[in-house]
Amino acid sequence: MTMQAALVILVFSGLLAFKTTLAAQHVIGGSQGWEQSVDFDSWSSDKSFKVGDQLVFKYSGLHSVVELGSEAAYKSCDLGTPVNSLSSGNDVVKLSKTGTRYFACGTPGHCQSGMKVKVNVVSADSTAVPSPGSDSSSDSDSGSSNGSDSGSSTGSGSRSSSGQGLRASTGYILAVGSLVIGLVWAY
C-alpha cells in the first residue's frame, strides 16, 4: 500500500512540474530581435501568447521599448503617456493577465515606420492561437529586466525565439522521469 501511495505522489509531483514549465519566453522579432527591419505583424501572427509567458525585447542602443495603454495610442503611435518605458537592451516583460498589450519603439519615427507589436494574451490553458488583429481589453501589468516589483526577471538567453519549441521539454522530462521512477519503485 505504501508503494502505491509513493507512486501517486511521484506522478502528481511530475504533473505539477509539467504544469509549471509551460510558460515560454518569446524573443520579440525572433533572431533579429527588436529592430526596424522586422515585420512584427507577420512575426506575431502565428504566435500564441499565454499568461505566464515572457516577452524578451533584445535591441541596440538605437531603440527602446514603450508600452502603450490603448489601441488608439498604438494605432496613432502616441508615445506621450506610456504605461512603461524600458531601455536596457534586454528587457523582459511578464504576461501576468489576459488581454491585449501594445508595445512600440520610443525612438522618434520608428513606431510610425512599423516598429510596434500588439500581443494578445490568452489564459494559460487556452489552445487557440490569437490573431494579431483581434480586439481585447487592455492590460497594463508589465515588468522590465531592471528588477521592478511587477514580476519581471532577467534572462541572458532565450529558451526559444518562437516561444513554442522548448516550451515544455523540462516538464516532459520531469513528468516522464517521475512516472518511470515510480513504476520501477512499485515493482
Side-chain angles (χ1 to χ4, degrees), residues 21-122 124 129-134 136 138-167:
T21 59
L22 290 178
Q25 266 192 345
H26 302 275
V27 175
I28 301 297
S31 61
Q32 291 179 283
W34 184 239
E35 293 296 329
Q36 272 186 294
S37 61
V38 176
D39 179 348
F40 293 103
D41 286 337
S42 294
W43 174 83
S44 65
S45 66
D46 65 344
K47 307 291 182 283
S48 179
F49 302 99
K50 297 184 178 190
V51 171
D53 286 357
Q54 295 179 337
L55 304 179
V56 180
F57 292 86
K58 294 185 177 207
Y59 53 92
S60 69
L62 299 174
H63 304 293
S64 65
V65 179
V66 176
E67 183 170 2
L68 306 172
S70 69
E71 184 157 19
Y74 173 79
K75 286 182 177 179
S76 66
C77 291
D78 178 3
L79 308 178
T81 56
V83 172
N84 198 7
S85 296
L86 309 168
S87 59
S88 76
N90 188 29
D91 301 312
V92 178
V93 177
K94 184 172 182 175
L95 303 176
S96 59
K97 298 179 186 176
T98 60
T100 303
R101 307 279 294 266
Y102 307 96
F103 301 92
C105 181
T107 303
H110 289 194
C111 179
Q112 290 83 350
S113 66
M115 196 169 170
K116 58 184 181 177
V117 66
K118 178 178 176 178
V119 175
N120 296 311
V121 184
V122 297
V129 176
S131 150
S134 66
S136 297
S138 177
D139 171 18
S140 62
D141 180 43
S142 62
S144 69
S145 62
N146 64 7
S148 67
D149 292 344
S150 58
S152 63
S153 64
T154 301
S156 59
S158 83
R159 285 172 277 178
S160 169
S161 64
S162 70
Q164 305 293 327
L166 300 176
R167 178 177 282 249

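Below, each value reflects all heavy atoms present in this structure, side chains not excepted, and no hydrogens, waters or symmetry copies.
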Open item on the list: Rounded at 0.5 Å granularity, tell me how far CG in Leu68 sits from OG1 in Thr81.
Closed with: 8.0 Å
Open item on the list: Walk me through whether Lys118 and Asn120 qualify under side-chain contact (heavy atoms from CB on, under 4.5 Å).
Closed with: CA-CA 7 Å; Lys118 178 178 176 178; Asn120 296 311; 4.1 Å; yes
Task: Euclidean distance, Ile28 CD1 relative to Tyr59 OH, rounded to 0.5 Å - done: 12.0 Å
Open item on the list: Can you confirm whether Val93 sits close enough to Leu86 that some side-chain heavy atom of one is under 4.5 Å from a side-chain heavy atom of the other?
Closed with: yes
Open item on the list: Has Tyr74 got a side-chain atom pairing as donor or acceptor with Gly69's backbone, closer than 3.5 angstrom?
Closed with: no
- [ ] Identify the two heavy atoms, one from Gly106 and one from Val66, that lie closest to each other, and give their separation to 0.1 Å.
- [x] CA-CG2, 3.6 Å
- [ ] Show your working on side-chain contact (heavy atoms from CB on, under 4.5 Å) between Thr100 and Glu71 and close with a plain yes or no.
- [x] CA-CA 9 Å; Thr100 303; Glu71 184 157 19; over 6 Å; no
Open item on the list: Closer than 3.5 angstrom, by distance alone: can the side chain of Trp34 be matched with the main-chain N or O of Gly29 as a donor-acceptor pair?
Closed with: no
TODO: Please lay out, stage by stage, how Cys111 and Cys105 fare under the test disulfide (SG to SG under 2.5 Å).
DONE: CA-CA 6 Å; Cys111 179; Cys105 181; over 6 Å; no
TODO: Measure the spacing between CD of Gln54 and NE2 of His26 and express it to the nearest 0.5 Å.
DONE: 9.5 Å
Open item on the list: Once rounded to the nearest 0.5 Å, what's the spacing between atom OG1 of Thr107 and atom CD of Gln112?
Closed with: 11.0 Å
TODO: Mind checking side chain to side chain contact (heavy atoms under 4.5 Å, CB included) for Ser42 and listing every partner two or more places apart, or none if nothing turns up?
DONE: Asp39
TODO: Identify the two heavy atoms, one from Trp43 and one from Val27, that lie closest to each other, and give their separation to 0.1 Å.
DONE: CZ2-O, 3.1 Å
Task: Between OH on residue Tyr102 and NZ on residue Lys116, distance to nearest 0.5 Å - done: 11.0 Å
Task: Sequence neighbours excluded - disulfide (SG to SG under 2.5 Å) pairs with any residue from residues 24-72 - done: none
TODO: Apply side chain to side chain contact (heavy atoms under 4.5 Å, CB included) to Gln36 and list each qualifying residue two or more places apart in sequence or on a separate chain.
DONE: His63, His110, Ser113, Met115
- [ ] Please name the pair of heavy atoms, one in Val51 and one in Val121, separated by the smallest distance, quoted to 0.1 Å.
- [x] N-CG1, 3.7 Å
